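Note that this is a predicted model, so its numbers are computed, not measured.
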Amino acid sequence: MSAGAPRGLASSGQKPITEILHPLSAAEETLSPGPDVTVSGGGEKDSGLTNGTPVETSSPASASLLFNRLQLDDDLDGDARDLYASTETRDLFVTVDDPKKHVSTMETYITYRVSTKTTRIEFDLPEYCMRRRYQDFDWLRIKLEDSQPTHLIPPLPEKFVMKGVVDRFSEEFVETRMKALDKFLKRVADHPVLSFNPHLNAFLSAKDLNKRQGLALLTKVGESVKHVAGGYKLRTRPPEFCAMGEYLDTFAQKLGTIDRIAQRILKEQSEYVTELREYGTVYSSWAGSEEELRRPLEGVAGCVTTCCGALEDLSENMSQDFLPVLREYVLYIESMKNVLRKRDQSQAEYEGRLEAAILRKQEDRTPMPVEVEKCQDKVECFNADLKADWERWQSNKRQDFKQLLTGIADKNINHYEKCQAAWESLITLLQEKQTEDKTSETN
């Protein structure tokens, strides 16, 4: 893709290899000038989320209506959403479930069942069932990142947790991590390139992953990648990739703000539930000492108890369903930025080698070195793969957040409906009590 070619090529007099093979459009050949950026740097410009859709101002009457309207949007956007419908065949299905705790003299850890069903000829059997622990998933991701450096690798949930703050063996934590690992593996299995990676095949089917040898090699490779293009400075990042970087910075800032506010809301809701329970207890105690008001007071206590339960359900949904999605996309942003940095390193290396080759050619008229052509091919590969994965990521993001926000609306509606029904029942009880009192006075 020529959109990723350095702007300085036009003055070199040397036609890019891909231009000889594939004629380029004028729009792709021309790149607007921009400020120099360093290979390791990232944009700090705060801009709006330019690819957002208009916000619907009217409020749906119910959760089902909201869901139906979103379903209609999904149908209308179907062609744009299914970017790989014509090339992908769903012939690989994976599931992560059934966590189990293992205790030994050396360590305590959790394993998860990884089930696979496939018709691909690369697999010896149509079904597999393996048990993997977190470090096995981590091994897979490192292998994918090393062997497919031009692609966006889905993130894993964070490995480390603060001792004393989060119990990593608690049922809630294990359940949340299991869901995240399942989503990670499904995203890899659904990818048109990553799903054919031999390391994924080994992860799904091999009893022994031989991680030690692989990680030792990866350490050396990783260090070499870090120092690639270390002496070069990127002249100009193409505008489309600048836009990606700016979008990621803005998106990360907004997700971070939402996460901080959501954490405060959870804390305040927890404190409110504690106070509300004490509030309800007072009415129960009062009802025991005043017979004439017993039924109304017990009714109030019952309403408060119902509201406490509804609020706890709402908080649990935010904690287990809403926040994990936010954190996954924060990690996704870091993964995307990492691929962008690698792309910049590749372009910087190409520009540096090309500039040196041009100088040598001017001095002794030597032909363009093969290394320069290989570097250019690498840049083109980065550009094409990054664009494809960006579109795929944006499509997945839209669907994930539609589902997430629909769930939030549904849970909030259920919460308020429970509270409303409880207080309406109290009004009915009070009206009946008032009728009884009037009847008693008449008699």
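- Judged by distance alone, the side chains of Gln347 and Asn383 never bring a donor and an acceptor atom under 3.5 Å apart.
- Within the model, atoms CZ of Phe184 and CZ of Phe137 stand 7.5 Å from one another, a figure rounded to the nearest 0.5 Å.
- Contact between Ser205 and Phe123 at its shortest, heavy atoms only, is CB-CD2, 4.4 Å.
- Inter-residue side-chain proximity for Phe93 and Thr116 is flagged as unmet; no heavy-atom pair is nearer than 4.5 Å.
- For the residue pair Asn197/His191, the side-chain donor-acceptor check at 3.5 Å is not satisfied.
- With respect to Asp98 and Arg131, a salt bridge is recorded, a charged nitrogen being found less than 4.0 Å from a carboxylate O.
- Heavy-atom neighbours of Tyr128 OH from other residues, nucleotides or ligands within 6.0 Å: above the threshold of 12.
- Remark: the backbone N or O of Cys129 is not paired with any side-chain donor or acceptor of Ser115 at under 3.5 angstrom.
- Residues His151 and Val339 share a closest heavy-atom pair of O-CG2, 3.5 Å.
- Remark: side-chain polar atoms of Lys186 are paired, donor with acceptor, to backbone N or O of Val94 under 3.5 angstrom.
- Judged by distance alone, the side chain of Ser319 and the main-chain N or O of Ser315 form no donor-acceptor pair under 3.5 Å.
- Considering only heavy atoms from C-beta on, Asp410 comes within 4.5 Å of Asn414 through its side chain.
- Between Lys387 and Glu391 there is no salt bridge, since no side-chain N of the basic residue sits under 4.0 Å from a carboxylate O of the acidic one.
- Here Lys378 does not pair with Glu371 in a salt bridge; the nearest charged N to carboxylate O distance is not below 4.0 Å.
- There is a side-chain donor-acceptor pair under 3.5 Å between Tyr329 and Asp400.
- The two residues Leu200 and Leu194 come nearest to each other via the heavy atoms CD2-O, 3.9 Å.
- Side chains of Thr111 and His102: a donor on one and an acceptor on the other come within 3.5 Å.
- In this structure, CD1 on Ile142 lies 10.5 Å from CD on Gln135, to the nearest 0.5 angstrom.
- Within the model, atoms NE2 of His415 and CD1 of Ile413 stand 12.5 Å from one another, a figure rounded to the nearest 0.5 Å.
- Of all the heavy atoms in Val273 and Cys308, the pair that sits closest is O-SG, 4.1 Å.
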Problem set entry | Phe203/Leu185 under side-chain contact (heavy atoms from CB on, under 4.5 Å): CA gap, chis, key distance, verdict | CA-CA 10 Å; Phe203 177 86; Leu185 201 57; 3.8 Å; yes
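- Here the side chains of Leu340 and Met244 are in contact, with some heavy-atom distance below 4.5 Å.
- Side chain to side chain, Thr150 and Arg343 fail the donor-acceptor criterion of an N or O pair below 3.5 Å.
- At least one side-chain heavy atom of Asp259 sits under 4.5 Å from a side-chain heavy atom of Leu323.
- Under the 4.5 Å side-chain criterion, counting only non-hydrogen atoms from C-beta, Arg237 is in contact with Asp344.
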For this session: Please step through side-chain contact (heavy atoms from CB on, under 4.5 Å) for the pair Leu156 and Asp138, ending with a clear verdict.
Result: CA-CA 7 Å; Leu156 284 171; Asp138 193 37; 4.0 Å; yes
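- Taking each heavy atom of Leu276 and Cys307 in turn, the nearest pair found is CD2-CB, 4.2 Å.
- The two residues Glu122 and Asn201 have their closest heavy-atom pair at O-ND2, 3.1 Å.
- In this structure a side-chain-to-backbone donor-acceptor pair under 3.5 Å is missing from Arg187 to Ile153.
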For this session: Please step through ring-ring contact (aromatic ring centres under 6.0 Å, His included) for the pair Trp390 and Tyr247, ending with a clear verdict.
Result: CA-CA 11 Å; Trp390 175 267; Tyr247 176 87; 5.7 Å; yes
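- The environment of Phe401 atom CZ is dense: over 12 non-hydrogen atoms of other residues, nucleotides or ligands sit within 6.0 angstrom.
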For this session: List the steps and the verdict of side-chain contact (heavy atoms from CB on, under 4.5 Å) for Leu140 and Asp136.
Result: CA-CA 6 Å; Leu140 172 61; Asp136 298 328; over 6 Å; no
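- One finds no salt bridge joining Lys411 and Asp313 here, because no Lys/Arg side-chain nitrogen approaches an Asp/Glu carboxylate oxygen to under 4.0 Å.
- By the neighbour-count criterion of 12 heavy atoms within 6.0 Å, atom CD1 of Ile121 is sparsely surrounded, having that number or fewer from other residues, nucleotides or ligands.
- Side-chain N or O atoms of Asn338 include none that pairs as donor or acceptor with a backbone N or O of Glu334 at under 3.5 Å.
- Side-chain atoms of Arg141 and Ser335 include a donor-acceptor pair closer than 3.5 Å.
- In the displayed structure, Phe322 atom CZ is contacted under 6.0 Å by more than 12 heavy atoms of other residues, nucleotides or ligands.
- Tyr134 and Tyr109 have their aromatic ring centers separated by at least 6.0 angstrom.
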For this session: Decide yes or no on side-chain hydrogen bond (donor to acceptor under 3.5 Å, both in side chains) for Arg277 and Thr305, but give the supporting numbers first.
Result: CA-CA 7 Å; Arg277 290 198 183 282; Thr305 300; 5.5 Å; no
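- Listed for the Ser346 side chain is no donor-acceptor partner under 3.5 Å among the backbone atoms of Lys342.
- Using modelled atom types and a 3.5 Å distance limit, the side chains of Lys397 and Gln394 yield a donor-acceptor pair.
- The main-chain N or O of Thr119 is never found under 3.5 Å from a side-chain atom of Asp91 such that the two would form a donor-acceptor pair.
- In this structure, Glu171 places its CD atom where only 12 or fewer heavy-atom neighbours from other residues, nucleotides or ligands lie under 6.0 Å away.
- Atom-to-atom distance recorded for Lys183:NZ and Glu328:CD is 4.5 Å, nearest 0.5 angstrom.
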Exercise. Do Arg353 and Glu349 pass the side-chain contact (heavy atoms from CB on, under 4.5 Å) test, and can you show the C-alpha distance, the side-chain angles, and the key distance before you say yes or no?
Worked result: CA-CA 6 Å; Arg353 290 181 181 274; Glu349 181 186 15; 3.2 Å; yes
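- Rounded to the nearest 0.5 Å, atoms CG (Asn412) and CD1 (Ile408) are 7.5 Å apart.
- Taking the side chain as every heavy atom from C-beta outward, Arg113 and Val96 never approach each other to under 4.5 Å.
- Note that CD1 of Ile261 and CG of Leu266 are 12.5 Å apart. Values are rounded to the nearest 0.5 Å.
- Side-chain atoms of Tyr112 and Arg132, non-hydrogen and from C-beta on, never get closer than 4.5 Å to each other.
- Geometrically, Arg120 engages Phe196 in a cation-pi contact, judged by NZ or CZ lying under 6.0 Å from the ring centre and within 45° of the ring axis.
- Contact of the Glu158 side chain with the Leu331 side chain is registered, since non-hydrogen atoms from C-beta on lie closer than 4.5 Å.
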